[in-house]
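Here's the structure we're looking at; comments come further down.
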Amino acid sequence: MQSKTLIVVVGPTAVGKTAVAIQIAQQFGCEILSADSRQFYKELNIGVARPSLNELNAVKHHFIAHLSIFDPYNVYKFEQDVLLLLDKLFEKDNIAVMVGGSGLYVDAVCKGIDDLPDPSPELRKQIIEQYEMEGIESLKKRLKELDPEYYSIVNLTNPKRLQRAIEVCETTGQTYSSLRKNMTHKRPFRIIKIGLNQDRETLYNRINLRVDVMLETGLLKEVESLYEYRYLNALNTVGYREIYNAVSGDISIEQAITDIKTNSRRYAKRQLTWFKRDQEIKWFAPTEFDLICQYLQSEI
RNA sequence: GGCGUCGUAGCUCAGUUGGUAGAGCAGAGGACUGAAAAUCCUUGUGUCACUGGUUCAAUUCCAGUCGAUGCCA
């Protein structure tokens, strides 16, 4: 029996992942899974650089525009969804390509993620309110009582880390640290990871240019049409919230555009920080398709 | 052409009553287990425009040069 292989393509935003993934999928005659936590949403298109219709038609894509911004979704569900789909795909294909820049989501598929509970919306709301009313010190105090072990290792200035740990402790009655196994789950398929990167200046030029193209193709209209939903998590996204800052009058539209570029560059940097520590990733320039193919052939 | 103001980090600027300098932004590095395009942490040495002069010591005072800018002609 031939072994099944998932080819994973990662890299910073705007580096050119989509084009390479499509080439690979065509080369191997397989389908593409997106691991981009914002391209999931059907309402978000221009601002999240969704692949064009031509690109989407060139190869069968999954997990693009399959959700609504109103749907609750998270990494764990994504992991489950991907594993289910791969089961099906591997019945007919030996290879599948997963492409995306959301590091946590990629890792959830490749290494697995602990089965922790979803918080109830009420509990989450309550914790957020506590943070907003009483500040981070009060969250720290609450976590210290619930889970001193995690308290001693967590970044105590990051409210979201504290919030999540409290959520898990309160819903399970157990400590977050005891439930976090952090084990690598065995997958019934091989994984080959390739990373795309290029020199910083070229990447940043591409990012800046892409924002300009987004504006030319109707970014403002798309973003403004979702204005009333700006508080949804899916819209807490580079390219959207800056424009909402301008619409609400806090900054000029020119400033918003500059901010989108700056924040996209920072996002790219964070992505690189995440992926750089993964020793399984083999890095290439986005133009080196032949080299990438050679590498994949030698590994498969 | 005359008079004035300015020339300090990639950018905007502060400052040194003479003892070689510091903020914001940009940038860089890092963390990351159900909101992850999220959230959080760390990080500032630069011919103080150039050439001379005064001085133990000049980025700081003086002169000249160059550049920018304003007003007057």
Side-chain angles (χ1 to χ4, degrees), chain A residues 10-15 17 34-41 44 46-50 67 69-81 100-121 123-125 127-128 131 136 139-140 150 153-168 171-172 176-185 200-201 203-204 207-208 210-211 214 223 231-243 255 258-278:
Chain A
V10 300
T13 189
V15 78
K17 295 185 293 296
S34 171
D36 182 306
S37 71
R38 289 301 188 268
Q39 288 179 9
F40 294 158
Y41 302 103
L44 313 186
I46 297 169
V48 297
R50 184 195 296 169
L67 297 175
I69 54 173
F70 306 106
D71 297 332
Y73 202 67
N74 60 51
V75 229
Y76 185 70
K77 286 180 187 142
F78 179 71
E79 182 206 14
Q80 304 303 306
D81 289 347
S102 302
L104 181 66
Y105 284 66
V106 170
D107 283 356
V109 170
C110 296
K111 301 185 204 158
I113 191 162
D114 290 319
D115 188 3
L116 300 171
D118 285 343
S120 71
L123 177 60
R124 173 162 288 189
K125 189 163 168 275
I127 297 171
I128 291 170
Y131 171 60
I136 196 153
L139 288 192
K140 281 161 70 174
Y150 187 65
I153 57 162
V154 70
N155 178 354
L156 293 169
T157 52
N158 190 330
K160 296 209 177 183
R161 291 282 126 68
L162 304 179
Q163 173 207 319
R164 164 99 271 244
I166 292 169
E167 282 172 5
V168 173
T171 36
T172 60
Y176 183 54
S177 45
S178 70
L179 294 166
R180 247 172 36 126
K181 301 283 187 268
N182 201 208
M183 279 176 52
T184 301
H185 300 221
R200 211 43 85 77
E201 197 187 342
L203 179 65
Y204 284 3
I207 289 172
N208 295 339
R210 187 161 84 173
V211 173
M214 285 177 178
V223 175
Y231 298 113
L232 291 175
N233 174 251
L235 291 173
N236 185 193
T237 298
V238 176
Y240 294 76
R241 62 172 172 189
E242 295 86 353
I243 292 174
Q255 186 60 49
T258 308
D259 287 353
I260 292 173
K261 292 177 180 175
T262 302
N263 290 333
S264 298
R265 281 182 245 126
R266 288 179 171 164
Y267 171 49
K269 216 159 90 61
R270 268 178 274 131
Q271 290 175 299
L272 285 167
T273 300
W274 181 287
F275 293 125
K276 268 193 289 189
R277 67 176 177 176
D278 186 341

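Labels below follow one simple rule: chain letters A, B, ... track the order of the sequence lines, proteins then strands, and each chain is numbered from 1.
- Taking atom CZ of residue F78(A) and atom C1' of nucleotide rA35(B), one finds them 16 Å apart after rounding to whole Å.
- Separating the CG atom of D118(A) from the P atom of rA35(B) is a distance of 8 Å, rounded to the nearest angstrom.
- Q271(A) comes within 4.0 angstrom of no nucleic acid atom, judged by non-hydrogen atoms across all strands.
- Residue contacts shown for N236(A) are limited to sugar-phosphate atoms, with no base heavy atom under 4.0 Å away.
- Between the CZ atom of F40(A) and the C1' atom of rA36(B) there is a distance of 11 Å, rounded to whole Å.
- Residue contacts shown for R124(A) include a base, since a base heavy atom lies under 4.0 Å away.
- When heavy atoms are screened at a 4.0 angstrom cut-off, S102(A) is found touching the sugar-phosphate backbone but no base atom.
- Here, rU8(B) and rG22(B) have their C1' atoms 10 Å apart, quoted to the whole Å.
- Cation-pi geometry between R270(A) and W274(A) is not met at under 6.0 angstrom from the ring centre and within 45 degrees of the axis.
- The residue R161(A) sits close to a base: some heavy atom pair falls under 4.0 Å.
- Among the heavy atoms of the strands lying under 4.0 Å from D36(A) is at least one base atom, whether or not backbone atoms are also near.
- In this structure, the salt bridge (Lys or Arg N to Asp or Glu O under 4.0 Å) partners of K140(A), at least two apart in sequence or on a different chain, are E137(A).
- Within 4.0 Å (heavy atoms only), D115(A) reaches at least one base atom of the nucleic acid.
- Atom NZ in K269(A) sits about 16 Å away from atom C1' in rU39(B), given to the nearest Å.
- Rounded to a whole angstrom, the distance from the P atom of rU59(B) to that of rU43(B) is 30 Å.
- When heavy atoms are screened at a 4.0 angstrom cut-off, I128(A) is found touching base atoms of the nucleic acid.
- To the nearest angstrom, P of rG29(B) lies 16 Å from CZ of R277(A).
- Residue contacts for P159(A): at a heavy-atom cut-off of 4.0 Å it reaches the sugar-phosphate backbone alone, with no base atom in range.
- In Y231(A), the OH atom is not crowded: 12 or fewer heavy atoms of neighbouring residues, nucleotides or ligands sit closer than 6.0 Å.
- Judged by distance alone, the side chains of N233(A) and Y73(A) never bring a donor and an acceptor atom under 3.5 Å apart.
- An anti orientation is assigned to rG15(B), its glycosidic angle lying beyond 90° of 0.
- The distance from atom OH of Y105(A) to atom P of rA36(B) is 4 Å, rounded to the nearest whole Å.
- Helical stems in RNA chain B, defined as runs of 3 or more consecutive Watson-Crick or G-U wobble pairs with both donor-acceptor distances under 3.5 Å, are listed by first residue as B:1-7 with B:66-72, B:10-13 with B:22-25, B:27-31 with B:39-43, B:49-53 with B:61-65.
- The aromatic ring centres of F78(A) and F40(A) sit less than 6.0 Å apart.
- Counting non-hydrogen atoms under 4.0 angstrom, R270(A) reaches a base of the nucleic acid.
- Within the 4.0 angstrom heavy-atom criterion, no nucleotide atom of any strand lies near V168(A).
- Rounded to an integer number of Å, the gap from Y76(A) OH to rA35(B) P is 14 Å.
- Counting heavy atoms from C-beta on, the side chains of Q39(A) and L44(A) never come closer than 4.5 Å.
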